[in-house]
Each structure stands twice: as C-alpha cells, then as structure tokens.
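Okay, so here's the structure we're looking at.
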Amino acid sequence: MNSSVGLYQDHCGFCFDNSYSKLPASLFTHQVPQHFTNPNLVIFNERLAGDLGLDIDGLKAANWSFFSGRQLPEKSSPIAQAYAGHQFGHFARLGDGRAILLGEHITPNQARFDIQLKGSGPTQYSRSGDGLAALGPMLREYLISEAMYALGVPTARSLAVMLTGEIVYRAESLNGAVLTRVASSHIRVGTFQYAAAMDSPDVLKALADYTINRHFPELEKQPDPYIGLLKAVIDLQAKLIADWMRLGFIHGVMNTDNMSICGETIDYGPCAFINAYSPKKVFSSIDREGRYAFGNQPMIGEWNLTRFAESLLSLINSDQSEAIKIASQCLDRYQSKFRDDWLDAMRKKLGIFDAEPDDLILVEDLLMLMYKHQADYTNTFRNLNRPSQLSERLLSDQGFRHWMDKWNERLSRQAQSIGDAQALMDQHNPLVIPRNHLVEGVLEDASKGDMQSFHEFLNVLLMPYNQPKDDKFLSAPDTNYDKNYRTFCGT
Ligand code: AMP
Ligand code: MG
C-alpha cells in the first residue's frame with residue numbers, strides 16, 4: 001500500500017488516510033463519536049505518541065480532545081466496521097458496537113496504523129448495548145496491552161484513556177471512559193466471515209485483495225495469493241498463540257471476531273495471566289465450560305483458522321471440493337508450526353540453544369511437575385537457575401530432582417556454556433507479569449482517582465525482564481485468590 005501519496009499532516013502530527021472506507025460500503029458505516037460533555041485525560045502514552053510521530057505539545061494544547069472524540073484529526077473519516085464471528089462456537093453478525101475507527105495514521109516511517117476509539121458511543125452495530133465503556137476495563141486493556149508489548153508479543157497498543165465525564169450503568173454506576181487503540185489493522189477472521197456470509201463474491205474479493213495489499217504485499221506477485229493469505233494468517237496465529245502460551249496468558253474470549261488477521265492480540269476483555277500452572281485454568285465469568293481455558297488456546301486457534309479457511313473457499317478455487325482439499329492441506333501446517341514456535345520459545349526458557357528430539361519430553365515433564373505441585377508458572381521458570389528460590393513442594397519431589405539432573409545433562413551437551421544458558425533464560429523468563437491481584441489493586445486505586453500505583457506498576461511492567469525495586473511485584477497471590485478470581489468482558 002503506497003502510504004505517502006497525497007497525505008496531509010495536521011498541527012498535531014496526525015497524517016490520516018482512510019483506505020478501509022474505500023472498500024464496499026457494506027463493510028462499514030460512517031459514524032462520528034459521541035460528543036461527551038466534560039472529558040478529562042487519565043493517561044497518555046508519550047512514548048507511543050513519539051513513535052507515531054505525533055506532536056505531544058499540539059495534542060496537549062488541543063486539550064487531548066482527539067482522545068475523547070470531541071475533535072477529529074484532519075482528514076479523518078470515522079467509521080464503525082462490520083464483522084461477524086463465532087462467539088463460543090455460535091455464528092453471529094456483529095460489528096463495532098462500542099468502537100469507532102477514526103482512520104489510519106501514517107507514521108514518519110511510512111507505517112500504517114488504525115487509530116480507534118473504544119467506548120465512544122453507539123453505532124449501527126450496538127444492538128442493545130450503549131456503545132460505552134467504563135474506566136476500569138479501559139485502564140485494564142491499557143495496562144495489559146502495554147505489558148504484552150514489553151513482553152515481545154504482537155498486540156494492539158494503547159495511546160490514551162480519557163474519562164468522558166459521564167456515568168455508564170452496569171451492575172453499578174461507573175465512570176465512563178474512552179480508550180484510544182493503535183493497531184496494524186482491525187481486520188478480523190470475523191470480517192472475512194461477514195463478507196463470505198453476504199454471498200457477494202465482489203465484496204469478499206475486495207476485502208481479501210485489500211488485506212493482501214495492506215499486510216502481505218509480497219503475495220500479490222504470487223500465482224495463488226489467496227492460498228498465500230491463508231498460509232500467512234495460519235503462521236501468524238500459530239506464532240501469536242505460542243507467545244501467549246510461553247507467558248501464561250489467557251485471552252479469555254477467543255471468538256473469531258476477536259482474532260486479528262495480522263496476528264496481533266486484540267480485544268482485551270476477560271484476559272488474565274495464570275499464576276499456578278494449570279492447562280485447565282479459566283478466569284472468565286462467561287466461559288462456563290472452559291472453552292477458552294489456558295491449555296485449549298492452541299486448539300481453538302486451529303478451530304478459528306478453519307472458519308477463516310471456510311470463508312476463503314470461493315476465492316481459493318471455483319470447484320468447492322478442490323478448494324476444501326487445498327484449504328485442508330494449508331490447515332495441516334498449523335499444528336507443526338505452533339509446536340515448532342512453542343517449543344522454540346520453551347527451549348529458550350530452559351536455556352537451550354540447539355534442538356534435540358527429546359526436548360519436547362523435557363518441557364512436558366517439567367509442566368507436569370508444575371501442574372502436580374501447583375507451582376507458579378512465571379517464578380518457576382525464572383528461578384530454575386536459582387533452585388534455592390523454587391517452591392518447597394517442588395524441591396522435595398524426587399521426580400523434580402530427577403528432572404533437574406536430566407535438564408543439567410541436557411545443558412552440558414550443548415556447545416554454549418552454563419553462563420550463556422543462564423543469560424538466555426533470563427532474557428526469556430520475565431520476572432514481572434500483570435498478575436491479577438496487582439492489576440485489580442491498581443484499578444481499585446484508579447477508580448478512586450489515584451493513578452500513582454497504576455503508573456508505578458506500569459513502569460515495572462515495561463521492563464519485565466529486570467529486577468524491580470520492590471519485591472511485591474514478584475510474588476504470586478495465595479492459591480485461594482485464583483480460585484475465586486473472575487474476569488469480565490468489560491461491557
Ligand atoms: P467483545 O466480546 O468485547 O469482543 O464484544 C462482542 C461484540 O459486542 C462486539 O461486536 C462489540 O462491539 C459488542 N459490544 C460489546 N460491548 C458493547 C457495548 N457496551 N455497547 C455496544 N456493543 C457492545
Ligand atoms: Mg471483540
């Protein structure tokens with residue numbers, strides 16, 4: 001996509017284009033954000049704004065009003081995007097019910113990012129919702145998305161949160177807020193499902209061509225760009241879910257509408273990090289059957305990609321049975337791609353540089369022991385090379401001591417020194433993650449107007465591989481905390 005042609009930079013550094021709204025009109029509706037009466041800035045991501053080439057003084061002089069939707073960047077043509085999705089396995093037509101895409105900002109380096117407001121008022125797709133968001137969930141998304149970015153996971157970013165000055169009504173009355181999100185795009189598996197369900201070959205083709213041009217331009221020259229698109233999205237999702245699994249991240253609501261084509265983590269809702277290792281762990285209050293449990297995520301990724309493949313069938317081949325054959329062959333690559341990415345990440349967590357066939361067993365044996373003893377996922381990996389800091393339960397298990405011997409033998413078989421292995425481990429095992437009890441604590445303070453603890457935690461999360469000054473950021477809560485902890489969609 002040629003980013004620089006004819007673009008105008010306004011006095012705040014916004015350089016807007018609206019390529020998505022040149023797609024067929026059925027894929028979106030024009031929608032301006034709600035005009036909130038008394039917006040107030042809560043947090044602003046100065047570093048991200050700098051990376052985007054925005055003029056921070058200009059934004060401030062404008063009272064941050066772009067981030068509440070009161071003022072629009074020059075050339076912005078705001079829209080709500082239509083999409084569909086399988087929600088907990090059931091197909092539904094959806095769309096941006098509480099989000100508005102202001103347009104695409106082109107950075108000084110010619111990178112293109114969606115700028116989206118979340119919680120900015122109703123749209124044609126709001127159904128019975130109010131289109132609004134409360135402060136807590138928007139700050140939660142800000143904190144966790146920025147933490148994920150610092151942990152090296154592809155993700156939508158957070159640029160600002162503003163209070164709207166108005167109340168939103170949920171189980172209780174809460175302060176309304178708008179989050180400004182920055183993402184490579186918001187094209188979802190569900191966007192393709194929506195286009196495919198319209199039964200209009202032109203719309204589906206326009207969306208696929210646009211996606212290829214925007215995210216995978218190298219495919220344009222290939223003889224089968226749509227097969228290439230399917231393979232590229234499979235690979236990106238496999239990598240993304242391997243990233244989640246290496247860190248103990250549970251997305252919580254992996255519906256196909258929450259799965260980005262460009263392989264970024266989007267739609268932070270009831271997400272959470274595990275403490276004690278368990279593949280069965282679920283925190284989301286709405287996930288009653290554990291469909292999106294921690295250990296199910298790789299398999300759900302494949303299920304979602306199968307829905308993506310289905311939506312592309314008519315583009316892959318005009319003969320449906322041939323198209324299904326080709327799509328199935330593409331999907332076959334998912335499991336091995338995921339396994340390779342995940343094992344690669346887990347090897348690094350264990351200080352292993354090369355590959356041996358039994359590495360998978362070594363990793364799985366450790367996870368079994370962690371599960372048996374409810375060992376803390378983050379701290380166990382971080383402290384494997386500092387055994388005195390491991391949990392008593394783990395250390396007293398003969399099976400674990402045997403595992404340590406096997407692991408040490410494995411490390412001694414590689415060319416790199418033990419010191420190199422330890423350095424590799426420290427680079428790949430974070431000390432600090434957004435632990436649920438800490439997240440809730442800073443959100444509680446923020447709800448009372450005190451942002452100090454939020455900023456303190458955020459600063460620690462931005463350097464997750466460094467020792468924080470305060471040990472409170474390292475400790476897991478007692479196991480009862482997790483038993484009762486529930487996360488919500490934030491609607
Ligand atoms: P989510 O589970 O957050 O991905 O949302 C699923 C669908 O519900 C999306 O289409 C959202 O836009 C929509 N939605 C969520 N919250 C609201 C709200 N407060 N008002 C209107 N639509 C909403
Ligand atoms: Mg969503």
Side-chain angles (χ1 to χ4, degrees), residues 1-23 27-28 33 43-56 58-59 62 64 66-69 71-81 83 96 99-120 138 141-142 144-150 152-162 178-188 191 207 210-217 232-233 236 240 258-268:
M1 186 163 290
N2 191 341
S3 302
S4 54
V5 180
L7 288 175
Y8 165 88
Q9 189 174 26
D10 71 14
H11 65 285
C12 287
F14 284 116
C15 187
F16 257 52
D17 189 22
N18 303 282
S19 65
Y20 198 86
S21 52
K22 297 188 182 87
L23 282 170
L27 290 173
F28 60 90
I43 189 164
F44 170 63
N45 193 337
E46 212 166 305
R47 190 180 299 182
L48 175 58
D51 291 348
L52 293 171
L54 301 182
D55 179 344
I56 295 166
L59 292 169
W64 313 107
F66 297 101
F67 304 132
S68 64
Q71 195 178 340
L72 294 175
E74 290 263 358
K75 313 276 182 193
S76 157
S77 172
I79 56 170
Q81 291 174 304
Y83 51 85
D96 287 333
I100 290 175
L101 178 65
L102 298 182
E104 302 132 33
H105 167 69
I106 315 297
T107 71
N109 297 334
Q110 305 301 313
R112 180 179 293 259
F113 289 102
D114 275 8
I115 308 288
Q116 192 201 60
L117 301 182
K118 184 169 175 180
S120 50
M138 296 305 99
E141 173 156 347
Y142 188 112
I144 298 182
S145 64
E146 289 305 299
M148 291 284 270
Y149 179 73
V153 184
T155 178
R157 305 282 308 275
S158 298
L159 183 58
V161 174
M162 285 197 88
V178 174
L179 169 73
T180 303
R181 302 206 290 196
V182 179
S184 294
S185 83
H186 288 84
I187 306 168
R188 304 149 192 266
T191 318
L207 177 65
Y210 175 85
T211 305
I212 289 170
N213 182 256
R214 182 161 173 182
H215 292 301
F216 310 101
V233 174
L236 287 172
L240 180 66
N258 292 334
M259 193 162 172
S260 161
I261 291 298
C262 64
E264 291 177 351
T265 313
I266 57 164
D267 284 8
Y268 290 85

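Note that CD of E104 is 10.0 Å distant from OH of Y20, once rounded to the nearest 0.5 Å. Within the model, atoms CG of D114 and CZ of R157 stand 15.0 Å from one another, a figure rounded to the nearest 0.5 Å. Here the NE2-CG distance, from H215 to L236, works out to 9.5 Å after rounding to the nearest 0.5 Å. Taking CE of M138 as the start and CG of L117 as the end, the distance is 11.5 Å to the nearest 0.5 Å. Atoms CD and CG, from Q116 and L179 in turn, are 8.5 Å apart once rounded to the nearest 0.5 Å. We find the CE-CZ distance between M162 and F66 to be 11.5 Å, quoted to the nearest 0.5 Å.
Here the options are I79, D96, L101, the test is side-chain contact (heavy atoms from CB on, under 4.5 Å), and the partner is F28; only I79 passes.
For the residue pair M148 and T265, the shortest heavy atom distance occurs at CE-OG1, 4.0 Å. Heavy atoms only, all atoms of each residue included: R214 and S184 are closest at NH2-O, 2.8 Å. For the residue pair N258 and I266, the shortest heavy atom distance occurs at O-CG1, 3.4 Å. The minimum heavy-atom distance linking Y268 with S145 is given by the pair CE1-CB, 3.5 Å. Counting all heavy atoms, side chain and backbone alike, P33 lies closest to L102 at CG-CD2, 4.2 Å. Here the closest heavy-atom approach between residue P78 and residue L72 is recorded as CG-CD1, 3.9 Å.
A donor-acceptor pair under 3.5 Å is absent between the side-chain atoms of R112 and the main chain of S185, judged by distance alone. Distance alone, capped at 3.5 Å, places no donor-acceptor pair between the T180 side chain and the L159 backbone. At least one donor-acceptor pair under 3.5 Å links the side chain of H105 to the backbone N or O of C15.
Judged as a side chain to side chain donor-acceptor pair (under 3.5 Å), and not counting sequence neighbours, Q81 has no contacts.
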field: Worked verdict on L207 versus T191 for side-chain contact (heavy atoms from CB on, under 4.5 Å)
entry: CA-CA 8 Å; L207 177 65; T191 318; 3.9 Å; yes

For residues 44-51, please give each side-chain donor-acceptor pair under 3.5 Å, one per line with the distance, not counting sequence neighbours.
from, atom 1, to, atom 2, distance (Å)
N45, OD1, L48, N, 3.1
N45, ND2, E146, OE1, 3.0
N45, ND2, S158, O, 2.9

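Classified by interplanar angle (parallel below 30°, tilted 30° to 60°, perpendicular above 60°), the ring pair W64/F67 is parallel.
Considering only heavy atoms from C-beta on, H186 stays 4.5 Å or farther from D267 through its side chain.
When the shell of 6.0 Å around OH of Y210 is examined, it contains more than 12 heavy atoms from other residues, nucleotides or ligands.
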